[in-house]
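Reminder, nothing fancy here: chain letters follow the sequence lines and each chain counts from 1. Just so it is clear, the model here is predicted, and its values are computed rather than measured.
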Number of protein chains: 4
Amino acid sequence: MGKNTEKGTKSSATDTADTTDTDTTGTPRRRQARGERRISQLLAAAAGVFCRTGYASASTNAIAREAGVSPGTLYQYFPNKEAIAVELGGQLLQRAHETHGQAFRPENLQRPLPELLDAVLDPVIAFNCENPAFWALMHGTGVPGIAQEHEELHAGLLARIEAVLRDFCPEASAHELAHISNMILGIFKSSLDLILAHEGEERAAYTAELKTVLLRYLEPMITTTPPR
Amino acid sequence: MGKNTEKGTKSSATDTADTTDTDTTGTPRRRQARGERRISQLLAAAAGVFCRTGYASASTNAIAREAGVSPGTLYQYFPNKEAIAVELGGQLLQRAHETHGQAFRPENLQRPLPELLDAVLDPVIAFNCENPAFWALMHGTGVPGIAQEHEELHAGLLARIEAVLRDFCPEASAHELAHISNMILGIFKSSLDLILAHEGEERAAYTAELKTVLLRYLEPMITTTPPR
Amino acid sequence: MGKNTEKGTKSSATDTADTTDTDTTGTPRRRQARGERRISQLLAAAAGVFCRTGYASASTNAIAREAGVSPGTLYQYFPNKEAIAVELGGQLLQRAHETHGQAFRPENLQRPLPELLDAVLDPVIAFNCENPAFWALMHGTGVPGIAQEHEELHAGLLARIEAVLRDFCPEASAHELAHISNMILGIFKSSLDLILAHEGEERAAYTAELKTVLLRYLEPMITTTPPR
Amino acid sequence: MGKNTEKGTKSSATDTADTTDTDTTGTPRRRQARGERRISQLLAAAAGVFCRTGYASASTNAIAREAGVSPGTLYQYFPNKEAIAVELGGQLLQRAHETHGQAFRPENLQRPLPELLDAVLDPVIAFNCENPAFWALMHGTGVPGIAQEHEELHAGLLARIEAVLRDFCPEASAHELAHISNMILGIFKSSLDLILAHEGEERAAYTAELKTVLLRYLEPMITTTPPR
DNA sequence: GATGAATGAGGATTCATTCAT
DNA sequence: TATGAATGAATCCTCATTCAT
């Protein structure tokens with residue numbers, strides 16, 4: 001596992017105060033850098049705690065302790081517990097989008113279905129294996145902000161899947177496409193649970209099985225070869 | 001404490017005019033009936049609240065309020081919040097088992113796969129549509145008692161699926177059977193989410209889609225016709 | 001959920017003299033000092049409330065209020081109500097033991113009985129007058145931890161009394177010694193009630209009377225002069 | 001509020017039966033007799049529960065259960081928990097007064113001190129051994145009503161002791177008499193604890209020891225032989 | 001009268017959040 | 001900024017007491 005927290009993203013949760021602070025001296029820059037580090041620290045801690053105990057029963061004090069700071073410090077960077085989840089979700093979401101952008105890039109989509117599945121699924125699965133907090137968060141927090149992020153994620157993936165699907169089955173109706181996409185996404189999610197719950201060979205086996213399911217589900221629908 | 005929840009008294013939730021509800025003395029039976037009603041009331045309220053807010057953030061006072069009683073009354077029937085969830089889960093679990101018993105009965109399993117899928121899936125889906133609190137509870141409560149019930153449910157379903165599978169694919173290894181069963185269950189669960197999230201035609205469409213997925217997934221594996 | 005068995009229970013009361021815990025900065029020491037003060041504050045408040053209303057009907061909120069802090073603060077230092085009583089009892093017990101150690105020191109025990117009674121009883125009575133919460137706590141809390149402390153206290157005193165007695169009445173049987181010691185302790189306790197219930201001259205009178213009782217009770221038993 | 005709670009507090013078991021509002025029919029008598037039985041039942045149950053758990057932690061439901069009746073029935077005879085204790089205390093108090101009347105009757109007081117102690121202490125000790133709830137109640141309930149009863153008891157005993165004392169030591173001052181009486185009572189109480197805490201031979205030994213203590217304490221004070 | 005279900009104020013305890021240092 | 005003590009509303013749960021039957 002380890003700490004894979006990138007910095008340099010947007011902190012955005014609390015930085016309204018330092019927008020106009022200083023332009024000339026170097027200190028604020030360093031200060032800001034330290035702030036970024038703190039935020040990463042806190043988000044990483046939050047990811048761990050959310051993963052372990054779930055959002056609802058994760059206490060801010062536990063997060064602060066895990067991050068090695070005091071609760072007061074936590075609240076210097078986040079206005080409340082929800083904001084931590086939203087920010088964490090947002091960051092992971094962005095990286096997920098990037099991953100999806102890579103996974104669904106045109107050269108992957110032009111291959112025959114079996115290769116396409118490999119090309120698309122492998123990086124997405126890898127991302128989720130490396131960021132197990134992602135699903136944990138996106139699932140059942142009950143937090144509106146997160147729910148919205150989940151929507152985004154869901155809608156984004158659905159759109160991508162539909163796009164691919166449209167290429168393969170040009171004559172499918174919009175409704176059919178929606179149903180199929182949702183099914184695909186659902187199958188993916190539940191398989192992901194299985195994949196994340198296992199390791200090594202088992203994990204590989206479930207990954208293979210997922211591809212088999214999708215392949216068999218989709219193959220009969222294909223009416224054209226992939227475009228281009 | 002509170003292991004006295006036999007079922008059986010389902011009589012006329014709406015009409016209080018049970019003229020024949022006393023065999024020897026009037027009071028005990030009526031008292032018992034009232035207690036049963038209270039328990040049902042409370043469990044129904046709990047189901048609603050758990051469904052809406054999740055187990056963790058459901059407060060006992062909220063459940064009591066939803067049931068239209070005082071917190072003290074709730075605690076007359078359940079020793080604590082957890083027990084409510086466990087009892088509710090237990091009751092639903094039992095009914096689920098009954099449903100599964102019906103769904104997986106031999107005459108259903110002897111048919112060809114498409115009909116088998118109809119025969120098995122339809123009642124299970126129906127049950128879940130009628131008891132939406134079931135999945136909500138079984139999912140992430142963090143309550144040991146529930147987790148165990150979930151285990152039971154999961155293991156029970158898995159065993160049933162494996163049994164069916166073994167008939168269809170006699171030469172599959174134990175590992176393969178386990179993987180396939182888990183995939184099937186996962187696909188079922190995620191489709192169930194979709195099904196529960198929709199109504200009417202959409203619901204039917206997703207149900208059909210689930211069957212399609214499973215049919216296409218399983219058909220190539222079948223090496224024998226079903227026994228007898 | 002709540003696995004925070006932290007400092008509260010075992011602050012151990014006497015470690016205020018830790019001169020070495022802060023060498024570099026002043027803050028930790030001030031913090032710790034504040035914590036110590038809070039604990040003392042809370043224990044003092046608890047002593048007052050326990051004294052006034054008894055352990056069972058003393059509410060933690062009342063203790064917090066008496067200490068001038070919020071309930072949450074109380075729980076920052078003590079995990080629960082019982083722990084307050086145990087800590088308070090423990091602290092007082094330790095001081096009692098010290099007092100007893102002084103009271104029963106050899107040079108006191110070598111004197112003739114009348115002087116011995118003065119030398120032993122006066123400091124013990126003084127201690128109890130200064131710490132009226134002591135008996136109040138040791139009496140009927142129903143708390144196991146306290147009961148154990150009470151046992152210790154009782155057994156300790158009994159042992160000391162028996163030791164003195166053995167010197168004075170070498171030929172008394174073990175049973176007789178036990179009976180006499182228990183009687184002495186009982187007489188002491190009941191007189192203490194009287195002493196604590198009065199002030200000034202009256203208190204002195206009861207103190208004198210206690211000594212008279214013991215003197216007359218014990219004198220006829222003495223068969224040797226005190227050792228050495 | 002004002003509903004039906006008239007009788008409860010002072011029914012007092014023995015004397016209300018004479019105030020009979022109905023003389024003609026048998027039913028009210030029987031009814032009243034049943035009421036008396038209920039009250040005795042409840043008081044006996046209360047005695048047991050108070051003895052076992054102390055007043056504060058005795059719940060009215062526990063008392064009702066011990067008495068084999070429903071909580072509602074308990075409240076038909078007593079307006080509240082305190083009243084039960086007060087009534088129980090009152091009844092025991094009365095019997096204690098009777099015992100004291102017997103113990104301190106003139107022919108006992110005219111004997112020489114050793115016999116007097118036997119004659120007075122033995123019945124009082126016996127009474128307390130047979131009614132262990134008495135001390136349990138009189139001790140630390142924190143209930144005003146009980147405290148008052150305790151006062152009565154205390155004052156009554158003190159007066160009797162002082163009366164005896166005055167006969168033996170005619171020239172003692174009022175203050176001295178008060179002090180000595182209080183000491184005697186205190187010694188008696190603490191010995192009683194010891195006596196009640198043991199059985200058989202041990203109990204006898206402590207009883208003997210109590211008499212020894214009092215004898216040695218009082219003998220030197222006697223300046224006259226008992227009157228008559 | 002008797003029952004036992006129902007009540008609800010009150011107590012112990014937690015935790016997101018604030019504030020003095 | 002960092003700290004961690006302090007806050008207090010909210011939660012679970014109890015029990016003396018009342019009320020419908």
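- Residue-level contact check: B/A64 touches neither bases nor backbone, having no heavy atom under 4.0 Å from any strand.
- Taking atom CZ on A/R38 and atom P on F/dT1, their separation rounds to 11 Å, with Å as the unit.
- C/R37 has its CZ atom 12 Å from the C1' atom of F/dA5, to the nearest Å.
- In this structure, A/R65 places its CZ atom 19 Å from P of F/dA2, rounding to the nearest Å.
- Nucleotide F/dT18 holds its C1' atom 17 Å from the NZ atom of D/K81, rounded to whole Å.
- Spacing between atom CG of B/N61 and atom P of F/dT14 amounts to 13 Å, rounded to whole angstrom units.
- Heavy atoms of C/A67 sit nowhere under 4.0 angstrom from any nucleic acid atom.
- One distance of note links CZ of D/R65 with OG1 of D/T60; it measures 10.0 Å at 0.5 Å rounding.
- Here C/T73 reaches the OP1 or OP2 of F/dT7: one of its side-chain N or O atoms lies under 4.0 Å away.
- Of the candidate nucleotides E/dT18, F/dT7, E/dT7, E/dT18 has the atom nearest to the side chain of A/Y75.
- Within 4.0 Å (heavy atoms only), C/T60 reaches at least one base atom of the nucleic acid.
- Between F/dT3, E/dA12, F/dC12, one nucleotide has an atom nearer to the side chain of A/S70 than all others, and that is F/dT3.
- Looking at which nucleotide of DNA chain E each of C/P71 and B/P71 is closest to, the 5′-most match is held by B/P71.
- Atom P of nucleotide E/dT14 and atom CG of C/N80 are separated by 8 Å, given to the nearest angstrom.
- Between D/I39 atom CD1 and E/dA2 atom C1' there is a gap of 15 Å when expressed in whole angstrom units.
- D/A58 comes within 4.0 angstrom of sugar-phosphate atoms only, judged by non-hydrogen atoms across all strands, and of no base.
- Less than 4.0 Å separates DNA chain E from no heavy atom of any residue of residues 44-51 of chain C.
- Pairing analysis of DNA chain E (Watson-Crick: purine N1 to pyrimidine N3 plus N6-O4 or O6-N4; G-U wobble: N1-O2 and O6-N3; both under 3.5 Å) yields stems of 3 or more pairs at E:2-21 with F:2-21.
- Checking F/dT17, E/dA5, F/dT7 against the side-chain heavy atoms of C/Q76 singles out F/dT7 as nearest.
- Residues B/V69 and B/L74 come closest through the heavy atom pair CG2-N, 4.5 Å.
- We find that CG of C/L74 is positioned 14 Å from P of F/dG8, with the value rounded to whole Å.
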